[in-house]
Asker: 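The structure's right below; bear with me while I get my questions together.
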Amino acid sequence: MDKRFENQVVLITGAGSGLGEATALQIAKEGAKLSLVDLNEEGLEKTKIKVLEVAPETDILLVKANVAHEEEVKNYVDQTVDKFGRIDGFFNNAGIEGKQNLTEDFGSKEFEKVIGINLNGVFYGMQYVLKVMREQGSGSIVNAASVGGIRGVGNQSGYSASKHGVIGLTRNSAIEYGEYGININAIAPGAIMTAMVEGSLRQMDGDNWEEVGKEFVKPNPMKRFGRPEEVGHLVAFLLSNEATFINAAVITIDGGQSYKY
Ligand SMILES: NC(=O)c1ccc[n+]([C@@H]2O[C@H](COP(=O)([O-])OP(=O)(O)OC[C@H]3O[C@@H](n4cnc5c(N)ncnc54)[C@H](O)[C@@H]3O)[C@@H](O)[C@H]2O)c1
């Protein structure tokens, strides 16, 4: 396969686990320099080890940051530019599910927390990265939305509101920045087996979560969870120079489930 990311700098938030880690591995194999951001330093170190196993030459910057805090977002962008001088791709991905609860019991503190990470964090990231990309006259952003940002899921007020918001931010900024050679898209994954989905199944039925998972995927046309690397391949394509005319798109990756009902 051609190395689509040779001499390119790709910034990934939430890189210490799941979809962020899978994307880092895919993109490193294709030659990228990586700036990896997460709140969880241990997760970042583990991702770095895995990346160096598959792509030993990779130049990697690790930055600990809470994406809900604007000054920490500014810092991870500044550190990336200080080290690498540019940002070609940005996977704006860090997020949490939050507690599952009926709207009346959801709680304003929990709502603020989920919105702070999933929506404010994505906005802060775009704000600082787009400034860099506009000066370069090129760049590509993929925001992590969800099928929960397209339709109702239930028991997820904060998550659903934040992911609908991510799709709104994506479409708005995509229209503003297309003329500068920058494309901005969102992915809308269904259930992909990561730590987040395991946590979600545990919220439904604690120790019995694997059985719950088997029931959970029965309505899926493909009868299974998605795999993180399947999302990594999609994000890599969207960030690559093969996808430069795809802009303002929201791409579902859910085995077809969201078109079923
Ligand atoms: N896995 C799925 O089925 C699924 C489906 C739809 C959307 N998504 C979205 O994809 C993204 C990644 O999810 P995942 O499944 O890989 O989850 P994950 O829990 O495996 O990984 C998320 C990573 O984000 C980090 N993180 C959490 N809060 C943070 C913060 N405030 N600042 C910095 N980093 C923070 C975590 O430490 C973790 O390493 C999320 O935005 C999620 O909502 C996932």
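Whatever order the structure lists them in is the order used to number ligands and atoms, beginning at 1. Quick note: residue numbers are just sequence positions, from 1.
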Asker: Given Asp38, Asn93, Val166, Thr23, identify the one with the heavy atom nearest to atom 26 (N) of ligand 1.
Answerer: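 Of the listed residues, Asp38 has the closest heavy atom.
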
Asker: On the 0 to 90° scale, with breaks at 30° and 60°, tag the Phe216-Phe225 ring pair as parallel, tilted or perpendicular.
Answerer: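 Aromatic pair Phe216/Phe225 classed parallel.
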
Asker: Please determine whether any non-hydrogen atom of Gly121 lies less than 4.0 Å from an atom of ligand 1.
Answerer: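 Not so, Gly121 does not reach ligand 1.
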
Asker: So, is Val147 polar-close to ligand 1, with some N/O to N/O distance under 3.5 Å?
Answerer: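 Val147 vs ligand 1: no N/O contact under 3.5 Å.
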
Asker: Is the shortest N/O to N/O distance between Ala68 and ligand 1 below 3.5 Å?
Answerer: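 Not met; the criterion fails.
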
Asker: Could you list the atoms of ligand 1 found under 4.0 angstrom from a heavy atom of Gly18?
Answerer: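 Near Gly18, meaning under 4.0 Å from one of its heavy atoms, ligand 1 has 16 (O), 20 (O).
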
Asker: Any nitrogen or oxygen of Val67, main chain or side chain, under 3.5 Å from a nitrogen or oxygen of ligand 1?
Answerer: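 Looking only at distances, the answer is yes, because the N/O contact criterion of under 3.5 Å is met.
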
Asker: Can you confirm, on distance only, whether ligand 1 has an N/O atom lying under 3.5 Å from any N/O atom belonging to Ser146?
Answerer: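 In this structure, Ser146 places no N or O atom under 3.5 Å from an N or O of ligand 1.
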
Asker: Does a side-chain heavy-atom distance below 4.5 Å link Asn120 with Tyr124?
Answerer: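 Yes, side chains in contact.
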
Asker: Hey, which atoms in ligand 1 end up nearer than 4.0 Å to a heavy atom of Ala195?
Answerer: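 In order of number, 20 (O).
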
Asker: Can you give me the closest heavy-atom contact between Ala174 and Ile184, atom names plus distance?
Answerer: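 Minimum heavy-atom separation between Ala174 and Ile184: CB-O, 3.6 Å.
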
Asker: Using atom types as modelled and distance alone, determine if a side-chain donor or acceptor of Asn93 lies under 3.5 Å from a backbone N or O of Thr13.
Answerer: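 Judged by distance alone, yes, a pair lies under 3.5 Å.
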
